[in-house]
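Encoded as structure tokens, the structure appears first; notes follow it.
By convention here, the first residue in the shown sequence is residue 1.
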Amino acid sequence: MATVEFIGVVIALLIPIIYIITAVSAVQAAQFSADAAAYEAARAYTLSRSQGQGREHAALIAQQIFADQGFTSAPTIAASCDRGDCLTPGGIVSVTVSYEVPLPLITQFMPVSIPVSSQSSSVVGVYVYRGGA
């Protein structure tokens, strides 16, 4: 009889604990991805030759970083500049990366997600070549 009770208690406690660990791991992976994506996207933006190319490179880098962690949807990226032209030497480009982390298993029944975001800034280099093709 004690064996049956033990198995019942283990199942009642073990399944929620495993789920919590899985959910926290997914949120933590998304937060790490957002941190890395914001940092690298800001650097890529400041090293690009044009603002359009900067936005494109920032989006591609962020999407690749999230894909490396197993996330299928792309994050939301917003870039802002402290000057009119984002690529003015000495200017600062700030990039914010946001992502809605779907909780495992629950999202099949109800849409539950946890938002994560990260912001990073990078200074536009004074000696970056922006001419040519």
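- Contact check for T46 versus V123: no side-chain heavy atoms found under the 4.5 Å cut-off.
- Between I77 atom CD1 and L60 atom CG the span is 8.5 Å, to the nearest 0.5 Å.
- Judged by distance alone, the side chains of Q119 and S117 never bring a donor and an acceptor atom under 3.5 Å apart.
- Side-chain atoms of R83 come within 3.5 Å of backbone N or O of P89 as a donor-acceptor pair.
- One finds the CD atom of E40 at 12.0 Å from the CD atom of Q64 (value rounded to the nearest 0.5 Å).
- Enclosure of atom CZ in F32 is not indicated, since only 12 or fewer non-hydrogen atoms of other residues, nucleotides or ligands lie within 6.0 angstrom.
- Summarising the local packing, CZ of F66 is surrounded by more than 12 heavy atoms from other residues, nucleotides or ligands at distances under 6.0 Å.
- You'll find the side chain of L103 reaches within 4.5 Å of the side chain of Y19, heavy atoms only.
- At a cut-off of 3.5 Å, with distance as the only test, a side-chain donor of S73 or Y99 sits close to an acceptor on the other residue.
- Side-chain atoms of D82 come within 3.5 Å of backbone N or O of I92 as a donor-acceptor pair.
- The side-chain heavy atoms of V95 and V97, taken from C-beta on, include a pair separated by under 4.5 Å.
- Put simply, the side chain of S50 gets close to the backbone of Q53: a donor and an acceptor are under 3.5 Å apart.
- For the residue pair S94 and S121, a side-chain donor N or O sits within less than 3.5 Å of a side-chain acceptor on the partner.
- Between the side chains of E100 and S113, at least one donor N or O lies within less than 3.5 Å of an accepting N or O.
- A 4.5 Å side-chain heavy-atom check between V124 and C86 finds every atom pair outside the cut-off.
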